[in-house]
Amino acid sequence: MIPDFGYGVLVLTFFMALYSAIAGIYASINKSQKLAESARRAMLLTFPLLSISSLSLIYLLVNNHFEVAFVYEVTSRTMPTYLKVTSWWGGQAGSLLFWSWLLSAFTSAVSIRKWDRDREFLPWVMVVCGITLAFFLSLAVFFENPFVKYWQTMSGEIVESVFRVKDAILFTPQDGRGLNPLLRHPGMVIHPPMLYLGFVSFVIPYAFAMAALITGRSDDRWIRLTRRWTLWAWLFLSFGLVLGGRWAYDVLGWGGYWGWDPVEIAAFMPWLTGTAFLHSVMIQEKRGMLKQWNMILVILTYDLVIFGTFLTRSGVLSSVHSFAQSAIGPMFFGFIVITFLSSTALLIWRWPQLRAETEMKSMLSREALFLFNNLLFMSILVVCFWGVIFPLISELFVGEKITVGPPFYERATAPLFASLLFLMAIAPLSAWGHSTLQTLGRASWKSAIVALLITVAIFFTFTQSVPALIGFFLIAFALSITLHEFWRATLARVHAQNENFATAFFTLISRNRRRYGGYIIHISMALMAIGIIGIEGFQYETQGTLASGESLNIADYTVTYRELASWDDAPNGVNYTRAVVDVSENGVYLGTLHPRIDYYFDAEQNMTIPGLRPSLRDDLYILLVDWQPVSSMGATFKIYVNPLMNWLWLGSLLFFVGITVAAWPDKDPEAQSARVRGKVYHSSSAD
Amino acid sequence: MKKYLSLVLFLFVFVSLFTSVAFAQETTPTDNQVNAIAKQLFCPVCQNTPLDVCPTEACRQWRELIRQMLSEGKTEAEILQYFEDQYGPRVRQEPPRAGFSWLAYIIPLLVIAAGVFFLFRALKGWTKAPVAESASGGVRNDVSKKVSAQDDYVVRLEDELKKRK
Amino acid sequence: MTEENIVPKRGVALWTQITIFAFLVGLLALVGIGLQRAQKPMAEFNQPVPDFDIFYYEGYEYNNTPKMKLSDFQGKVVLVNIWASWCKPCEQEAPELQEAWQFYKEGGQVVFVGVDYVDTPIGAKQYLTKFNITFPNAPDLQSSISSILNRNMGVPESYVIDRQGILRSVKIGPFASVNEIKAFVDAWLE
C-alpha cells in the first residue's frame, strides 16, 4: 500500500512541476498575472508533496520492506535505524528522489520570496525550476523508480514492477543486501547531501539568469537577487568536497584525500566555475562589466552540475568493471544538450544588450586581476574536463581507454594554482578602475620582504625544493598582505571611532562582511595550500612486514608492532582485524594506534581503516596491509608521514567561517540593495 | 678539470657496477621498491585505485609480479612497459607522451593559450578605448569620478589612515 | 555613457554564431558518442562477432598453434569463457567446464577457449594446474577480447558463438552444473 501511495505522490509531483513550467510559459506570453501566480503555487506544492513521497520511502526503509527492490538493495536487517534512513541516498533510485526533494525545497523557497519588484522574472524562474525538477522526477518516475516491488510469477520467476503482475504474488526476500560498507562512514553519510545541496542551489542563480536573458533585463538585478543563493551554494559544494576528502583520508586507505578520480572531478568542476562566477559578478555589480561572461559562467555551472550528477550517478566513466548499465545515461545527456544549446542560443540572442557599461582602464586594476583569476579557474576547468573525457575520446579514435591519473592533473594544475595564489595575494591591494605597477609595488613591498624572509627560513630548516619554496613564498606573501589589510583597517577604526582593538576588529568585519568574509576565505585558502604542498610534495612512506615486537622506522618515528586480533561482529556482519602498534618519536613514547581491516560479509568487501596520529607538523598514517595466520603473528604495515596535512583541515574550517561571514543575511537585504541600485542608477544617469 | 672529470666518471662506473652487482645477487626487493613502481600504475581491475594501495587479492598478485620481475633484474621502465603491453595503456597513471596520448597534454595547453590570447586582446581593446575617447572631451573624467565614487570604502579607509599619521 | 554604448545593437555575426554552435555541437557529439560507446557492448547478439587475435598460454594451445584468430574456428561452435585467477566464483565452475570439455573434445564440433581477464601469468598457471584444465586458454592481452565481447564485464562470463561466427548467448556468473553448460552449447550445435 505504502509503495503505491509514495509512487502516486511522486507522479503527482512530476505533473505539478511540469504544470508549473508550462503555466509559466503561458503566463509570460499572455502577460497573465493569474497564471504566473498559479505556476508559483504549483511550485510551492512540490516540496510538501515530495516530502510525503520521501517519508513513504523512509518508512519502507526503516521497516525492512524488502519486497521493495530499492529497500532490498540498500538495507539489511542488521543495519541501525539511522543508517537505514540515510540509505535513502545510498542507491541510484533513492538518491534521485533525494536530489529532487532538495531541489524542490530550493524552488519552493524561491517561490515564497516577495516578487513585487521582479514580477517579470517570476514566470521564467518557474519555467526553469519546473523543467529541471520535472526532468529529475521523470527519471525517478519512469526509469529508476524507488518504489518498484518484486513479484513472483506462476513459473517462479521474479520480476520487478510497480503494479501487480498478472497471476503473480508479492515476493519478499528474507533480508536485504545491505548498504555498501564504504557508505557507512559518518563522513559519507553527510557528504552526498552537502554535495547535492551545493549542486541544487546553483539551479537558482541559473534560473534567474535565464529569466533575465529572456525578459531582456540587462542590469545586474538577477545577480543581486541570487548573490546569497550563490554563496550558500558555494558553501555547500565546498563543504561537500572537503567532507569527501576527509572521508577518503579516513576510510579509503590510500594515504591521501584526493585522488583525481573522475567522480571527484565531476564535483570539482562546478565548484571551479562557481568560484569564478562569485568573483566576476563583483565586477558586474561594481563596474557594469562582464555581463556576457557572467552568463557564460552561470550556464556552464548549471550544466556542469547536471554533468556531475550524471557522472556520479551513471557510472559511465568509472571502469570496465561496473555492472550498472542504466537507461538514465542517455536521458541525462539529452537534457544537458538541450539546456546547454538553448541557453547558448538565448545568450547569443541577447549578446548585444549585455555589452559593458564601462571600460577597462588598466591591466592591473582590480577588475583586470579578477579577469586573470577567471582565466586561471577556467584553465583548471579545461584541464579537468579534458582529463575526464579523454578516456572516451581516446577510445573513440584509437579504440583504447587511456586514463590520465593524478600525476597528469598535478603537473598541469600546479602552476595554475600557484598563479591563483599570487593573484589572491595582490588582489586586495589593487583598486577598481586604475592601478599601476607602482601603486601595487608600493603597497606590497613590505609584505614581499616578510614573505621572502619566511621563505629563506623555510629554505634552511625544511626544504630546498624550488617548486615548494615558490609555493611557500606565495602563501606567505598572500597571508602577510591579507593580514596586513585586517591590521590596517582595524587600526584605522580604533583611531577614528575610539574603539578598543577587539571591538574595532569585529565591527570592521560585520560592517563590511563581503569584503572581510572574502579575505578570511583567502587566508583559509592559503592555509589549505600549506597542507596541500605538504602532502603532495613531502609525503613519504615505507612498508615492511614485522613480527611481534619488531619495529619500522620512518623519519623520526618508530612504529613497533605489538599484536593482532581478529574477531567477528556477527550482528553487524563485519569481521575486524585490528593490529596494535606503539608509536614513538626519537625514543619518546607517543601513543598506541590501531590500524585495522574491516571485512563486510554481505558486500564481500574490505575496508582499510588507518591508525592516525595527527599533529600540526605531520600526520603519522599507518595502514594494515596484510597479516599472516595467527600462529606466526607477522603483519605487513604501510606507513605514511603526511607533513602539514592538518593545515588543510584547519584551513577548511576557517573557510566555512569566511563564507558564513560573507553570506550571513543582512538585516534588510531588500532595502540595502535598493540603496545600492539607486546609486548605480544615479551615477549612470549622470553620464 | 680533467682530473675532476675522470673522478666523476670513475664514480659513475663504480656506482653502476655496484648497483648491477646488487641486482645480480638476487636479494628479494623490498616492499618500498615494489611500491615505488606500483605507485605509477592503476589497479587493472578496480576503479582508479593506485596499484600500491589496492587491497584486493588481484592487486596483491600484481605486486608480487613486480617483485619477481625486480628480482630478475628488470628495470622500472621494462616493468611499466610490460604492464602496459599486458593490460593496456589504462594501467598507466600518466599516459605516455607519444602518439595519440600526446593530445592529453597538448589540447589543454592550446585551449589555455587561446584563452590567454583572447583575454589579452580583449583587455587591449578595452584599455585603448578610453585613451581615444579622452581627446573628445569630458567622458574620461566622468569615468574616473564614477570609479572613485564606487571605491569610496577604500578611499575612506585611506583617509582614516592618513589622519592617524 | 551606458546608453551610448548600448545603442548600436548589432547582433552577433552569423558566421560567429555558426562557428560557436558548430563547435559546441561537435564537442557534445564527441562526448555523446564516447558515452554511448562506453555503455554499449561491442558485439551484438545475433550479429557476427568482430574478429580478434588469440595468443595462447604455453601448453594450452589449440592444435599446437600458438597464435590464432577467432575466425579460424569457423564451422565450429565456440564457447568463450572469461575468467581470472583472483576471481572466486570462477573457481566454482572450473571443474564443471573441464568436465564438459572432456565430453566435447573428441567430437571436434565444439571448442572451448578460456580467456584470462587481467591476470598475472603466475596466478594463471597456478589456477590452470590446480583445476587440471586442458582446454585452450589465452590471456586477454590489453583486455582486447573482453572489450570486444562485452564492455561492462565482470568475471566469470561465458559466450557462445555459433558455427557462422555469430554471437548467440551469454551466461553471466558461474555455471552451476555440467548439464547447464551442455544446454548452453547444445542449443547452437544443430
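Throughout, protein chains are lettered first and strands after them, A, B, ... in sequence-line order, and every chain is numbered starting at 1.
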**Student:** Among Phe397(A), Tyr409(A), Trp260(A), who wins on heavy-atom pairs under 4.5 Å with chain B?
**Tutor:**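 Heavy-atom pairs under 4.5 Å are most numerous for Phe397(A).
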
**Student:** Do the side chains of Glu285(A) and Arg514(A) get close enough for a salt bridge, i.e. N-O under 4.0 angstrom?
**Tutor:**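 A salt bridge is present here (some side-chain N lies under 4.0 Å from a carboxylate O).
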
**Student:** Is chain A contacted by the side chain of Phe120(B), its backbone, both, or neither, given a heavy-atom distance below 4.5 Å?
**Tutor:**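 For Phe120(B), the side chain is the part near chain A, not the backbone.
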
**Student:** Could you tell me which portion of Thr30(B) (side chain, backbone, both or neither) has an atom closer than 4.5 angstrom to a non-hydrogen atom of chain A?
**Tutor:**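 Interface part for Thr30(B): neither.
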
**Student:** Non-hydrogen atoms of chain A under 4.5 Å away: do they reach the side chain of Val34(B), the backbone, both or neither?
**Tutor:**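 Contact with chain A: none, neither part.
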
**Student:** Chain B heavy atoms under 4.5 Å from Tyr540(A): which part of the residue, side chain, backbone, both or neither?
**Tutor:**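 Contact with chain B involves no heavy atom of Tyr540(A) at all.
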
**Student:** Got Asn32(B) and Glu541(A) here, is their nearest side-chain heavy-atom distance under 4.5 Å?
**Tutor:**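 Asn32(B) vs Glu541(A): side chains apart.
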
**Student:** Go through Val383(A), Val625(A), Asp626(A) and name the one with the most non-hydrogen pairs under 4.5 angstrom from chain B.
**Tutor:**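 Most pairs with chain B among the choices: Asp626(A).
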
**Student:** Taking all non-hydrogen atoms of both residues, which atom of Leu103(B) and which atom of Trp386(A) are closest, and how far apart?
**Tutor:**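 Shortest heavy-atom contact: O-NE1, 3.3 Å.
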
**Student:** If you compare all heavy atoms of Arg63(B) against all heavy atoms of Cys54(B), which two are closest, and at what distance to 0.1 Å?
**Tutor:**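 Closest pair (atom of Arg63(B), atom of Cys54(B), distance): NH1-O, 3.1 Å.
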
**Student:** Taking the six-membered ring for Trp, are the ring centroids of Phe100(B) and Phe390(A) within less than 6.0 Å of each other?
**Tutor:**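 Centroid separation for Phe100(B) and Phe390(A): below 6.0 Å.
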
**Student:** Return the orientation label for the Tyr621(A) and Tyr249(A) ring planes: parallel under 30°, perpendicular over 60°, tilted otherwise.
**Tutor:**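 Because their plane-to-plane angle lies in the 30° to 60° range, the rings of Tyr621(A) and Tyr249(A) count as tilted.
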
**Student:** Side chain, backbone, both or neither: which part of Arg60(B) has an atom under 4.5 Å from a heavy atom of chain A?
**Tutor:**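 Interface part for Arg60(B): side chain.
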
**Student:** Side chain from CB out, backbone as N, CA, C, O: work out which of these in Thr542(A) comes under 4.5 Å of a heavy atom of chain B, or both, or neither.
**Tutor:**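 It is both, since atoms from each part get that close.
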
**Student:** Can you tell me which portion of Leu376(A) sits under 4.5 Å from chain B's heavy atoms? Options are side chain, backbone, both or neither.
**Tutor:**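 For Leu376(A), there is no contact with chain B at all, as no heavy atom is under 4.5 Å.
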
**Student:** When rounded to the nearest 0.5 angstrom, what distance separates OG1 in Thr28(B) from CG in Leu70(B)?
**Tutor:**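 With rounding to 0.5 Å, OG1 (Thr28(B)) is 11.0 Å from CG (Leu70(B)).
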
**Student:** Looking at Ile112(B), Val111(B), Val116(B), which makes the most heavy-atom pairs under 4.5 Å with chain A?
**Tutor:**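 The option with the most such pairs is Ile112(B).
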
**Student:** Less than 4.5 Å apart, side chain to side chain, heavy atoms only: is that true for Phe372(A) and Leu369(A)?
**Tutor:**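 Yes; the side chains approach each other to less than 4.5 Å.
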
**Student:** Sort Thr545(A) into side chain, backbone, both or neither according to what part of it lies under 4.5 angstrom from a heavy atom of chain B.
**Tutor:**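 Contact with chain B is through both the backbone and side chain of Thr545(A).
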
**Student:** Side chain, backbone, both or neither: which part of Leu109(B) has a non-hydrogen atom closer than 4.5 Å to chain A?
**Tutor:**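 No part of it gets close to chain A.
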
